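What you see is a predicted model, and the numbers here were worked out from it, not measured in a lab. Below, read A as the first sequence line, B as the second, and so on, with proteins coming before strands; counting in each chain starts at 1.
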There are 2 protein chains.
Amino acid sequence: MTDPAASPSSVSASGPAEDDSSASLVSFVVDSIVDGVMEGRYVPGQRLIAADLAEEYGVSRAPVREALHMLAGEGVVELVANRGARIRRLSLQERIDFLEFTEAICVLGVRLATARLAPGPSRDAVVEHYAAIEAAWHRRHSRDFVVALYNYHILLNRISGNLFLEFFYRRPYIRFYTLLLADLVPGVHWEQYIANYRLIHATILSGDSHTAVIHFSSHIRWVLRIMRSAADGEEGAPAARAVRGGVDPGAEAWLPGR
Amino acid sequence: MTDPAASPSSVSASGPAEDDSSASLVSFVVDSIVDGVMEGRYVPGQRLIAADLAEEYGVSRAPVREALHMLAGEGVVELVANRGARIRRLSLQERIDFLEFTEAICVLGVRLATARLAPGPSRDAVVEHYAAIEAAWHRRHSRDFVVALYNYHILLNRISGNLFLEFFYRRPYIRFYTLLLADLVPGVHWEQYIANYRLIHATILSGDSHTAVIHFSSHIRWVLRIMRSAADGEEGAPAARAVRGGVDPGAEAWLPGR
DNA sequence: CCGCGGAACTTTGCATACAAAATCATCGAA
DNA sequence: TTCGATGATTTTGTATGCAAAGTTCCGCGG
């Protein structure tokens with residue numbers, strides 16, 4: 001509550017390890033990989049070879065392996081015995097289910113935050129973060145828009161006062177999966193999308209937590225309907241644009257590298 | 001959906017690595033530590049020394065360190081640079097917030113599962129798992145009762161059909177934190193507790209998802225009220241029985257080992 | 001043309017070694 | 001006694017080595 005929020009930008013692709021030598025190499029590698037995933041340098045399904053990462057980051061394989069295990073525990077990376085690590089890949093259904101899941105989480109955040117929101121720095125931060133969403137809306141096909149939405153909800157979750165809610169929503173795999181959702185919404189009507197959020201935001205500011213929850217819920221369910229119908233259309237096909245990078249050729253199998 | 005559920009017991013404290021030599025040592029160590037945590041052999045705040053674990057499990061430090069990092073990514077273990085690993089400790093407030101958080105999750109599971117529940121093996125499994133809760137109720141101060149409740153909800157989450165919900169609810173740290181909740185409920189009226197669950201279960205079987213959610217929600221909020229008033233009573237004191245093991249002396253600080 | 005060995009190469013998993021950092025124990029001064 | 005410094009010991013963090021498992025590639029028979 002003392003620190004309402006960092007400014008509404010979150011990208012932090014820092015350099016090597018030159019400046020901050022206090023943190024361990026493991027966390028440096030973890031951060032680098034997470035950044036790489038968030039920036040799209042690593043795409044779902046991509047194989048991560050310990051020796052290559054070690055060379056790239058100028059460390060030995062030991063901290064790289066530890067970082068990969070940490071990310072595997074996080075759910076960002078998939079680890080198979082004797083076959084190493086890959087960026088975790090979510091099926092179309094899993095992504096839709098993830099949205100349904102986060103609806104439940106964010107509803108809690110919206111409800112608690114709305115009820116607690118008093119005039120003051122927190123409220124200013126909400127306004128500011130919402131402005132960032134509107135600003136990013138013109139670049140709504142870049143990940144800036146998703147990031148702005150994410151930051152808005154992170155702020156609400158923080159304001160909610162539920163420690164676990166914020167802890168959970170900050171985790172790298174949540175950011176990662178949230179980003180993946182962006183690949184699923186080619187069919188949405190964007191004017192409607194931002195109009196929904198405008199309404200949600202206004203209701204949050206009004207302090208009516210019950211109505212805010214209703215608006216937020218119906219927004220998410222609207223998106224879910226669109227996604228589900230799109231998914232039915234594609235059936236088992238690989239998830240739309242997710243194939244772009246040349247990896248992620250669908251299917252559950254652990255296909256050979258490269 | 002093909003595999004309704006394993007039988008309603010979940011303890012699996014397996015032996016060394018004698019029999020199954022295909023899985024990696026890392027996963028063996030991870031499983032061993034998780035089992036140890038679930039059995040109470042490792043208590044929150046306890047320091048985990050890599051060399052000791054290595055010797056105990058008959059492996060070198062490398063896989064132990066990787067396992068610790070994986071568990072840190074999971075959220076079961078806390079890792080501090082140059083100071084190693086400890087079993088994660090949740091403050092009283094964090095535990096209460098965790099229950100509020102899981103309410104949101106389980107409400108989703110209850111809603112979806114109830115709506116989908118048709119006569120057949122799934123329904124039989126629900127009945128069976130509920131019977132396990134009733135059976136464990138007589139040992140309601142042991143962890144068997146918590147385990148039975150957990151298994152019941154895991155089953156609902158599986159039946160829900162939401163892939164992410166089940167994935168999430170299976171994670172070790174969820175099991176661990178759920179277990180920690182047991183330390184918080186000395187004030188509950190147990191007759192009421194089981195009566196609530198009896199009602200919830202009956203409503204789930206009836207197929208009325210709306211009412212099932214309402215019953216489940218009010219049950220959790222009832223528990224939350226009790227916990228919050230107990231927490232207000234204790235104020236900043238260490239969490240009731242959690243001190244038992246001689247570790248967890250409250251406070252946020254990273255106190256020296258042993 | 002396609003599938004099928006099998007050798008050469010790559011990559012993983014684990015063990016060990018060693019320096020840096022933290023912890024602990026001892027001792028002396030306030 | 002309590003506090004703080006100081007050296008011994010423990011523990012961590014990282015690098016490196018090597019065997020086993022996996023992957024790739026190439027040539028052969030169908």
Side-chain angles (χ1 to χ4, degrees), chain A residues 16-33 42 45-73 77-88 246-247 249 251-258, chain B residues 16-18 20-33 42 45-73 77-88 246-247 249 251 253-258:
Chain A
E18 210 70 43
D19 40 2
D20 178 16
S21 57
S22 72
S24 66
L25 291 190
V26 178
S27 43
F28 165 65
V29 174
V30 167
D31 292 345
S32 302
I33 295 177
Y42 303 127
Q46 180 169 341
R47 193 173 173 194
L48 297 177
I49 293 170
D52 293 355
L53 295 172
E55 190 180 18
E56 179 173 353
Y57 297 124
V59 301
S60 81
R61 279 180 34 231
V64 169
R65 284 181 56 84
E66 289 166 3
L68 289 175
H69 280 83
M70 183 170 260
L71 290 168
V77 150
E78 219 171 354
L79 228 47
V80 173
N82 291 320
R83 300 216 245 178
R86 286 173 182 273
I87 303 295
R88 183 146 191 257
V247 193
E252 301 298 304
W254 182 275
L255 26 123
R258 313 291 157 151
Chain B
E18 210 68 43
D20 178 14
S21 58
S22 72
S24 65
L25 292 189
V26 178
S27 42
F28 165 65
V29 174
V30 166
D31 292 346
S32 303
I33 295 177
Y42 303 128
Q46 180 169 341
R47 193 172 173 193
L48 298 177
I49 293 170
D52 293 354
L53 295 172
E55 190 180 17
E56 179 173 352
Y57 297 123
V59 300
S60 81
R61 280 190 326 129
V64 170
R65 284 181 56 83
E66 289 164 5
L68 289 175
H69 280 84
M70 181 170 265
L71 290 169
V77 150
E78 219 172 354
L79 230 47
V80 173
N82 290 321
R83 300 216 247 177
R86 286 173 182 273
I87 304 293
R88 183 147 192 259
V247 193
W254 182 277
L255 26 123
R258 311 289 160 154

Let me know the distance between CD of B/E66 and P of D/dA15, rounded to the nearest Å. 14 Å
Residue A/V59, side-chain heavy atoms: nucleotide from C/dG13, D/dT12, D/dA15 that is nearest: D/dA15
Would you check if the side chain of A/S27 reaches a backbone N or O of A/A23 as a donor-acceptor pair within less than 3.5 Å? no
Measure the distance from CG on B/L79 to C1' on D/dG13 and round it to the nearest whole Å. 11 Å
So, OP1 or OP2 of D/dT23: does either fall under 4.0 Å of a side-chain N or O from A/R83? yes
Which atoms form the tightest heavy-atom contact between A/M70 and A/V30, and what is the distance? SD-CG2, 3.9 Å
Could you say whether A/R61 or A/V26 is positioned toward the 5' end of DNA chain D, judged by the nucleotide with the nearest heavy atom to each? A/V26
Do you know which two heavy atoms are closest between B/Y57 and B/V29, and how far apart they sit? CD1-CG1, 4.4 Å
Round to a whole Å and report the spacing from CG of A/L25 to P of D/dT16. 12 Å
Distance (rounded to the nearest 0.5 Å) between A/L48 CG and A/E56 CD: 10.0 Å
Euclidean distance, atom CZ of residue A/F28 to atom P of D/dG13 [Å, nearest integer]: 17 Å
To the nearest 10 degrees, how far apart in direction are the end axes of the helix from C/dC1-D/dG30 to C/dA30-D/dT1, each fit to five base pairs? 40°
Using modelled atom types only, decide if a donor and an acceptor are shared between the side chain of B/R86 and the backbone of B/G45 within a distance under 3.5 Å. yes
B/M70 atom CE is separated from C/dC14 atom P, nearest whole Å, by 11 Å
Between P of D/dT10 and CG of B/N82, the distance in whole Å: 19 Å
Do B/R65 and A/E66 sit within salt-bridge range, that is, some charged N less than 4.0 Å from a carboxylate O? yes
Out of C/dT23, D/dT23, D/dT14, which has the shortest distance to the side chain of A/R47? D/dT23
Hey, what do you get for CG (A/L79) to CG (A/L71), rounding to the nearest 0.5 Å? 10.0 Å
Taking CG from B/L68 and P from D/dT14, how many angstroms apart are they, rounded to a whole number? 14 Å
Measuring to OP1 and OP2 of C/dT12, would you say a side-chain N or O of A/R65 lies under 4.0 angstrom away? no
Rounded to whole angstroms, how far apart are CG on A/L48 and P on D/dG22? 19 Å
